[in-house]
Structure formats: structure tokens, C-alpha cells
Participant: 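This structure is in C-alpha cells; I'll ask about it shortly.
What you see is a predicted model, and the numbers here were worked out from it, not measured in a lab.
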Amino acid sequence: MVHLTIIPKEDEIRDGLDIPLTGALKAVHLQLANDEDRFTTSVYGSKFAAADLPRHEMPDEEMPKEVAYRMIKDELSLDGNPLLNLASFVTTYMEEEAEKLMTESLPKNFIDYEEYPQTADIQNRCVSMIGRLFNAPVKDAEASSAVGTSSVGSSEAIMLGVLAMKKRWKNKRIAEGKPVDKPNLIMSSAVQVCWEKATRYFEVEEKFVYCTPDRYVIDPKETVDLVDENTIGICCILGTTYTGEYEDVKAVNDLLVERGLDTPIHVDAASGGFVAPFVVPDLEWDFRLKNVVSINVSGHKYGLVYPGVGWVVWRSAEYLPQELVFNINYLGADQASFTLNFSKGASQVIGQYYQLIRLGKHGYRAIMSNLTRTADYLAESLAALGFIIMSQKSGQGLPLVAFRLKEDPDRTYDEFALAHQLRVRGWIVPAYTMAPKTEGLKMLRIVVREDFSRNRCDGLISDIRSCQGILEQMDKETVKKQQEFIHKHHVVSGKASHNHPKYHKEKHSLQGKTGKTHSIC
Amino acid sequence: VDPEEIIHHLKDIRLQEKGSGSQRQNHLTPYNSSYASQEDIPKYKIPENGTPGDTVYAMLRDELDLDGRPNLNMASFVNTYIEKDAQKLFVENLGKNLSDNDEYPAMISFSDRCVSILAHLWGVQKGEKAIGTATVGSSEAVHLGGLAMKRRWQEKRRAEGKDAYKPNIIMGANAQVALEKFARYFDVEARILPVSAKSNYCLDPALVKENLDENTIGVFVILGSTYTGHYEPVEEIHKILDDFESQTGIDIPIHVDAASGGFVAPFTYAKTGGQKWNFELPRVKSINVSGHKYGLVTPGVGWIVWRDESFLPKHLIFELHYLGGTEYSYTLNFSRPGAQVIVQYYNLIHLGFQGYRAVVENCLSNARLLSKALEATGWYTCVSDIHRPPQKQAGSTHASSSSSLSSKDTPADENREEETSADYTPGLPVVSFRFTDEFQQEYPHVKQETVSLLMRARQWIIPNYALPPNEDQTEILRVVIRESFSFDLIDRLVTDLVRVTETLMENDEVDLSLLQQHQGGRRRPVTKDDKRTQKEEREREERKGEERGEEKGKRMGEGIHRSVC
């Protein structure tokens, strides 16, 4: 994860190696070349190939670039195969032309508007396209126009959304002469961790709408009942990360309107924002609803761009308090900026524009339709294998399949065991404990991404079947042992040594309190 | 005149001539497609149908040619050159997500190693468990560092049973926008202290003393002011805080924003002129640096390190479970590219200490050359000090003694024949310069801004802006010397600057006023976004004007000029 890292103390660094092997090595008389070759034969003939890579302290001397490249590349081959990672929504495939374009833009600093005006213009076009895709009000000439910006990802976008809602609420309260010390935000307990981060870091109280064993999304009535004068806004998720279901934004909006409340809604459409408009264009979840004031979407999920781009759009400038916007005045050009990050690469924004005009609505629709078909096929196959399908089918949710095992007292294994067993075959299919108050419901989730074709889907189904076969033959004890073994030897994070004991078992998040696992987004 | 409207109008005429509906589907080369001449490339709405990849590639590449040339941009610290091998690594890892530790363990371990290497580089002390993380840039890092300080302060205040509603933070007016953003977004009062020539246009230790109180969550000290490249006196401020603690018992921490300096100061022979700035000072709790500045990576990576785990409140860390494994997260961004981290590690082990030293010393040597050349013309004087011998300031005897030591008694192992940065005032390789007073008297009609504009016509980007308050009457031109700015380019730059200045001296007022109206920068199509920006800009300026009681329409609008870092 995003890697808070311990820096090992002197006595913890054992000469480079994490596990001392030297004692086990026999002293053999060898006749080896002892010239300290810097770089005369091939990369592997140099002295660097026989030494460990520096880990804790910067080396004093340089290393030839070919060697550094090769050493790093070789080590990176230990990373997983993105194609078999069914846990993540993040794009792992782009066309060659797009890659070329992005490579050429590597040294461009996105924030440097004056130097790279065309790149800045391209961002504005993307915002405009995405705003229109979400039906931002563009027809009404009177209303002030919608605004938006790019971000590094949905996390940043959500933090910006929360900041804007908080500041707007605060300004209103101060104008009314009321206290501003207890803002709260209403959200589902199935939210991504960045919502919890946003509320904690910006000091907003969280009000959760809990899921139940048979309802994995918010209940509109329960949600609106929680609204009080200190509510800065409501978060609705378009496609929860657990089951991919779309929350009923329209019902929440209608209830608010019915009760005459003007509480703003922020729609977290990180994954759904590039799916719903193409697959179910009639579903009303976006700016067509009066109380929806801001929407965020990840470009690097179903926007089909490599990691590093997200978008947030506000219904109108009025929902983005001015004091949050900073101006960068640079060589006569003023640019308003509302971001948490400043300098960053421009490639991903250019990649997004490439995808938008390269594919067009038709292309996105074709891809999303294929994904929906594949997900339906996978869901039906798994149902036939005896799993309970928890996700929606035929475009009623994200193209993912969430499923669990049937209740069976004789069963010796659980979802986590199955996930571990699949890991041995190379597939990363995550198992989760559901959102709190669902009685410890466990589930498995498969995300269908652009590069997950029908053919690989078949491969996965047969592997699930065979893993189940293996597990069924074991008794409880063996399953447990097997699981521990896999956890130790096949799962990377099980081995992570950099984790910090101090931060173990934090108790402040939903995960710490209830054992909910955050799914990877 | 709206250029877009004209083109739109002309297009309508032509389409009628041809007869509508005859969309050509020929696709021999990218320039045969309908976007080549028939249709405008979609700008505001996602098109109904797609276009082949090679066409879109060609169109976008051609349009991006209108962007500036990264290497001639003297305005930015952001690195624009990486080696071919590094680029190869970058492209191969473009699709990797840094937040997916289960999938990319090797990449994550590189990130850990970079943090470890940086902590050691910055003198982490024995017995402390330093902790750190990769970020998207220094902005995120500054926010994280500031938030940790705020939370520590809140916890302390609450433990003492005192209120924790009015936190404030101290920084100089030369601070980057990110520092001010932190204060605004996280509800901390920003005490922005004015700078003066005496304080080298940096945070003034004397003013710090006056602004401390029990609600001060910390002090942001900048290692390498972006205006003039001066290092702020971390050790001096440290002493002031020590005195404050001995008087009042209030312990105030320091966060060092070493966005540029973190990869410069440790490598140069000059260091920071004998003053300590890193974890050797106990009050320095966290340091951030931009990997994409003198860390020599392309944009998208920064780092923050806390000296000990105890300075990172547990309250802020989120624990995330994966398939049985656990990771801790304290960042504002989640999914994001990891290729920059790989290139950072590549640079660290490829260049090593000596390699980084060579790069930074070259930059400084080039910066000195440029400074001296500019001053030799007699028209310009430098506000930056890196080409001047180290000053012997009263109050920092320690500093002067050790720097004179390093220039006289050269250690035996460093048989230096050439001069190094140790013979000069330490600082970032930045040259800030302005017209001399004599020049201004003799040619009162020549504006510095015009130099900037004319240089732009020759492709150089050299910004001209006002120093931070209270020195905002002085305008400076600033050149940042980066790795890729070699001796040869310095030569060309000086030649062009001299020519431009000569042209200005020879011409009279009328021509120049015309030039000034034609504001720099290319004309961009006016989008909705821009219109809003302008509107907002006006409102904002009015608001600011009211707040500060300044007259409206002052040329430099805002008091503090935001430079791109």
C-alpha cells in the first residue's frame, strides 16, 4: 500500500541479505576472476551482478546505466502478471499509439500551463466532454456554467469534493451566525477508504448508513433521515466496490426534494462514471438530478487510461467556494487551480483525450457492452457451479461478479481458502469481509476489465472448479494448514517486512472497528 | 474576434459546397482521414463514433507541437531529461499502480528502499525509527507533513485539557502555493511573514520569534527559496524555538520543505554553509523533497520522511487488508502510477553519491557562470548569491568558520584543482537578476517585463515577477539551471539576453508600449472554463483588494506572485 516505510536501524541491516545464508554455504576452493570488472563483458559479467543492490544507503560510486537498467528490470519481473489480477479496476492495457503519445509527453509538467498551453487546453476539453457525458447543465444560458478539473485519481477528486461541500456549508452557517464546529457527512458503510480519509483529515464526522445481509447499498429513506442542519452533504456511490451495484441516487434526490431539503449530493462514480452512461443511458444518477452538485470519476478505471488520472465536475461554480481556488499567475497567464497535488505528469490527461476521441461514444459502448456480456456469462457459469451471485446482472451494476459459497454446515473451507487456492494458479481473486452489520458475510469478487476476454474467462472458470475439487478433498485442519502455507509463500503482502508495528491494529477506521476489508479499487 | 467562430463559419460554407453527407472513409494515411480537413477534432463533446488510433496519434502529436520546448523553459525546477534506459523502464512500467502492493511487490520494495536511502542521506539519527512514504509531488508531501503536525498539536492540547480550535502555522512569504493551500484546506491560520533584503528574501528569524504562541503547530522552513535559491536558516530558527521553549515550555516542531534543496544540499561541496538543516537538528520532525526536481525524475514523484514513528499520529494511518496481508496508508492519493518511483531508484543507484554530486556541481558552476556574465554586462545585477563568496554574518559564526575551513583546508582525498561550490555562498542553482539602479535611471522606459517577452520570441521562457512582500516593488527575472542546461546553452542564452537588451536600449518608448499590450503567451480558444476563471479572477482580486486594502488593477495583481515550481 502506500507504503509507510520503516527505515531499518543499523543492527537490523544484515549485510544486505534479509536472511543470512552465509553459514549454510560451504567454503569451496574456486578459481574466479578477481578483477573488479566495472563493465567489460556483459551486464552479468560486471562486479555489480555479483553484489547486492543498494537498499538502505546511497552508493558512493556510479553504476553504468545498462547495468542499473538490467538489474532493476530483472527484479521487477517478480511483480505479478497484471492480466491475471482480477482484483483491481485499474487499466492495464492501452493501445500502442496511446503509449507512444504518453511516452513523448513524459517530461511535461501538467501544472505548467504557460509552457504547455496545449496540454492545458486538452484537459479543458476532457472536462467539457466528461461534464456533458454526465449531463451537466449546458443549455441554460442564465446559470453559471459547470466547472471541473483533473486529479491524480478519485481519491484526490473526492477530497476536493468534500472540501468544497464543507467550505460551502461553513460559509452558509457563518452567514447565518450559527456554530460550525460539528460538520457531518452521510455515506454508505461500503465506501472506499478515501472517504474515511477525507472525513478524518478534514475533520468531518462520519455518519454511516449500514448495509444489511441482503442489501449492500444505502437505503434512501434511512439516508435522508440522517440529514440534519450540520450535514455538509450525502455521498452516493455509483457502483460500490463490493458488489458493483449502483446506489439509488434518484430516490435520495427525490426524497430530499419532497422534504424540501437542499442537502448536496456528491456521486462517487469512480468506476461507474464511464460505464452507466454507455450501458444504461436512461438511468438517472447524474446532473439531471437537482441535488447532485458534484461527481467524480477515475480515468484510470473504465476511462481506460493507465493509472494517474481522475476527474471531478461541479454542477456550477457556486458549489466550489472561491477561497479554495488558488491562482497561479505565471508570465501574464492566470490559471485557477484547485488541487491537492501540484506538479505532476501530463501523460495521463493526454491519454484520456486520446481515448475519448479515439473511441467515441460508440467505441466506449462497444467495450462496455462486451464487458457486461462477459460478466453475465461469468455470473451464470458460477451460479451453475453452485455459488450464490451477489452482484447485479445485465448492466444493472458494474461489470463485476461478486459471489459467495452456499451455506453448508459440512463445508470445510471458506471464501478465503478458495482465494488462496486460486492464487497458486496465478489468479488474484480477492476475498473480502463485507461492510459492517452484514454478519461477517464473506465474498469473492472478480472485476471484468477491458482485457478480460471470454477466452480467459473460460480458463478462470475451469480453474475455480478444480480448486474447489482440491479443497473439497481436504478436512478442516488441512485447509487451514494449506492456507497458511500459501499465505506465507505465495502471497506477497504476507511477507511484507516493512510494516510498522506501531500502526498495527488501528481502531479508528471501519476496518479497525468492524473487520470490514477495503477492496482494492 | 473569436477565431473559433470564423473557422466554424467557413466550415459551414464549404460543407454546403460539397454537398452534405459525403464523409470520406479513406484511410490510407492519418492525413487522409476526415479529421485532416473536413471535420474539426472534437473538443467539447465525446464524438459519436471513433477514429483509428494512428490518426488520433498524429493529430494529437501535431497539436502538442504547440506546447513549449521543455528544455528551454528556464522557469521551472521540474526535470525534463531522463536517460534512455530510465525511459525504457518508465514505459515498461507505465501501467503499474503504486497502490496495488499485492500485485507489484517488487515495485513497492523499490519505494521502501528509496525512503530508506533518503532518510540516511538526511542524517537520520541512531535509535530512531524513521518512516516515510512516496507521494505524487511535494504538495502532497507538504500536506501530509502539515497534517501530522496539526494532529500532534491537537492531541497534545486535548491531553492538557486546553482548546484546540485556533491552530496557526508559520512560513515566509516566499513559500510555495502548496504551503498556503495546506493552511487553507486544513483550517490552519497561515502566518505568512514578510521577507526583506536582510533576510535574503526568505523567512526572517527575527519575525518568527514575534509570531510564536501556544497555538503554533509548527514552522515551515524552506530549503531553497524558489525566488532566489537561498537556503532558509534552519539552525537559527531552531535556536529561536529552543529559546521559546525554555521561556514558555512550548515545544514547536519544524517541517523542512526541501522540495528542491533536498537533492542539492547534501551533494554539494558547499552543503548548507555549515548550518545544519536535516535530522541532525532534533526539532526537524519531517522533511519532504520532490523527486522530479533535482531528484532527476520526470514529473510525478515526491517523498516525505518523518524522523521517528512517534511523530506520525496513529490516528491518521489507515490499515488496509489484502489477501491476508496488511499495509498502512497515509497519503491523499490512492491509485497512481509507480513508474516514477522505479526511475527514482534507478537514478539513486545508477548515479550514486558521486554522480549526483557531479550533476549538481555542474548546475551550480553553470549558474555561477551565468551570474558573472550578467553582472559583467553592467546592466544587470543578481539578487541570488551563489556566485559570491560566502558571507561572514554576525550571529552565525559557526557557519562562517566551517565554510572558511572547507575552502582553505581542502581534505586530502578531494584533490580539487577546479573551484567548487564550497568557495561560494551555498544555494540552489538559480539565477535571479534585475536591472541595475544605474541602468534604470539611464533607460527609464525599458521594462524588465519586455525582456521576458522578447526572450520568449526567441523560445526562451524566463519569467519576470515581483519578489514576495514586503519586497514586492522589486521585480526579478529568474533562470533555473537544470541538469540538461549545458555550458553551450548558457552561451546562447547570454548572447540572446545581451541582444535583446541592446535592442531595447536603442528603441524608444512607443514601440515598447505596443509590445507590452500584446501580452505574452499564445492565444488560446476561450473556453467556458476560462471565462469562469476570469470572472472568478476578478472577484477574487476584488476580494483580495478589500482584504489588503490595496488598489485594484495593480499590475502584479496579487501580492504574492506564484511561480511554477
Side-chain angles (χ1 to χ4, degrees), chain A residues 1-5 7 55-63 65 68-69 76 78-80 85 90 92 95 97 106-107 109 112 115-116 118 124-125 128-129 145 152-153 155 306-308 328 332-333 336 340-345 357-360 362-363 487 492-494 498 502-503 506 517, chain B residues 42-44 46-47 49-50 53 56-57 66-68 70 73 78 80 85 94-95 97 103-106 111-113 115-117 119-120 130 136-137 139 298-300 309 317 319-322 324-325 327-329 331-335 337 350 352-353 355 519-521 527-529 533 562 564:
Chain A
M1 184 41 16
V2 203
H3 339 305
L4 270 168
T5 311
I7 290 132
R55 283 160 205 256
H56 304 294
E57 201 131 15
M58 220 169 150
D60 266 343
E61 300 294 326
E62 304 88 330
M63 181 188 284
K65 56 184 195 288
Y69 168 73
L76 282 172
L78 289 172
D79 273 346
N85 180 359
V90 175
T92 51
E95 285 173 313
E97 284 86 355
L106 278 186
N109 180 7
D112 202 342
E115 173 69 3
Y116 310 118
Q118 223 51 45
N124 294 345
R125 293 182 200 171
S128 169
M129 285 185 185
S145 51
V152 169
S155 292
Y306 284 146
I328 322 293
L340 296 174
N341 302 294
F342 203 67
S343 294
K344 61 172 179 176
I357 64 172
R358 152 84 178 98
L359 295 170
H362 183 261
H487 179 56
V492 192
S493 40
H498 54 259
K502 181 187 170 207
Y503 303 107
E506 44 99 346
T517 24
Chain B
K43 284 183 187 150
Y44 307 113
I46 176 166
N49 289 306
V56 180
Y57 170 74
L66 287 172
D67 274 345
N73 181 4
V78 174
T80 54
D85 288 301
L94 209 47
N97 179 357
E103 179 64 14
Y104 307 119
S111 164
D112 299 346
R113 289 180 207 173
V115 169
S116 186
I117 287 174
H120 284 109
V136 168
S139 291
T298 49
E309 60 190 42
I317 314 292
E319 193 174 307
L320 303 164
H321 291 292
Y322 289 87
E327 281 283 342
Y328 304 100
S329 159
T331 52
L332 298 175
N333 300 293
F334 201 72
S335 294
H350 163 49
F353 191 89
Q519 276 285 341
T527 59
K528 282 230 159 77
D529 216 36
T533 311
R562 299 293 174 200
V564 167

Participant: Of the non-hydrogen atoms in B:Pro105 and A:Leu78, which two are nearest, and what is the gap between them?
Facilitator: CG-O, 4.1 Å
Participant: On a heavy-atom basis, which atom in A:Gly308 and which in B:Pro337 lie closest, and how many Å separate them?
Facilitator: CA-CD, 3.4 Å
Participant: Say you draw a straight line from OH of B:Tyr44 to CZ of A:Arg125; how long is it, rounded to the nearest 0.5 Å?
Facilitator: 7.0 Å
Participant: Any chance you could measure A:Asp112, atom CG, to B:Asn73, atom CG, to the nearest 0.5 Å?
Facilitator: 5.0 Å
Participant: Heavy atoms only, distances under 4.5 angstrom: which of A:Met129, A:Glu95, A:Glu57, A:His362 has the most pairs with chain B? Name it, please.
Facilitator: A:Met129
Participant: How long is the gap from CG on B:Asp85 to NZ on A:Lys65, to the nearest 0.5 Å?
Facilitator: 6.0 Å
Participant: So, for B:Gly68 and A:Tyr116, which heavy atoms are closest and what is the spacing to 0.1 Å?
Facilitator: O-CE2, 3.9 Å
Participant: For the backbone of A:Gln118 and the side chain of B:Asp67, can you confirm whether one donor and one acceptor N or O come within less than 3.5 Å of each other?
Facilitator: yes
Participant: With B:Phe353, which residues qualify under ring-ring contact (aromatic ring centres under 6.0 Å, His included), at least two apart?
Facilitator: B:Phe267
Participant: With sequence neighbours left out, write down each residue that passes side chain to side chain donor-acceptor pair (under 3.5 Å) with B:Arg113, or none if nothing qualifies.
Facilitator: A:Glu75, B:Tyr345
Participant: Select, from B:Ser139, B:Pro299, B:Gly50, the one with the greatest count of heavy-atom pairs under 4.5 Å involving chain A.
Facilitator: B:Pro299
Participant: Of all heavy-atom pairs between B:Gly95 and A:Thr92, which one has the smallest distance, and what is that distance?
Facilitator: O-CG2, 4.5 Å
Participant: Any donor-acceptor pair under 3.5 Å linking the side chain of A:His56 with the backbone of B:Ile117?
Facilitator: no
Participant: Below 4.5 Å from any heavy atom of chain B, which atoms of A:Leu359 appear? Answer side chain, backbone, both or neither.
Facilitator: backbone
Participant: Below 4.5 Å, heavy-atom pairs only: which of B:Thr298, B:Leu332, B:Thr80 has the largest tally toward chain A?
Facilitator: B:Leu332
Participant: For each of A:Ser128, A:Pro307, A:Ala68, tally heavy-atom pairs with chain B at distances under 4.5 Å, and name the one with the top tally.
Facilitator: A:Pro307
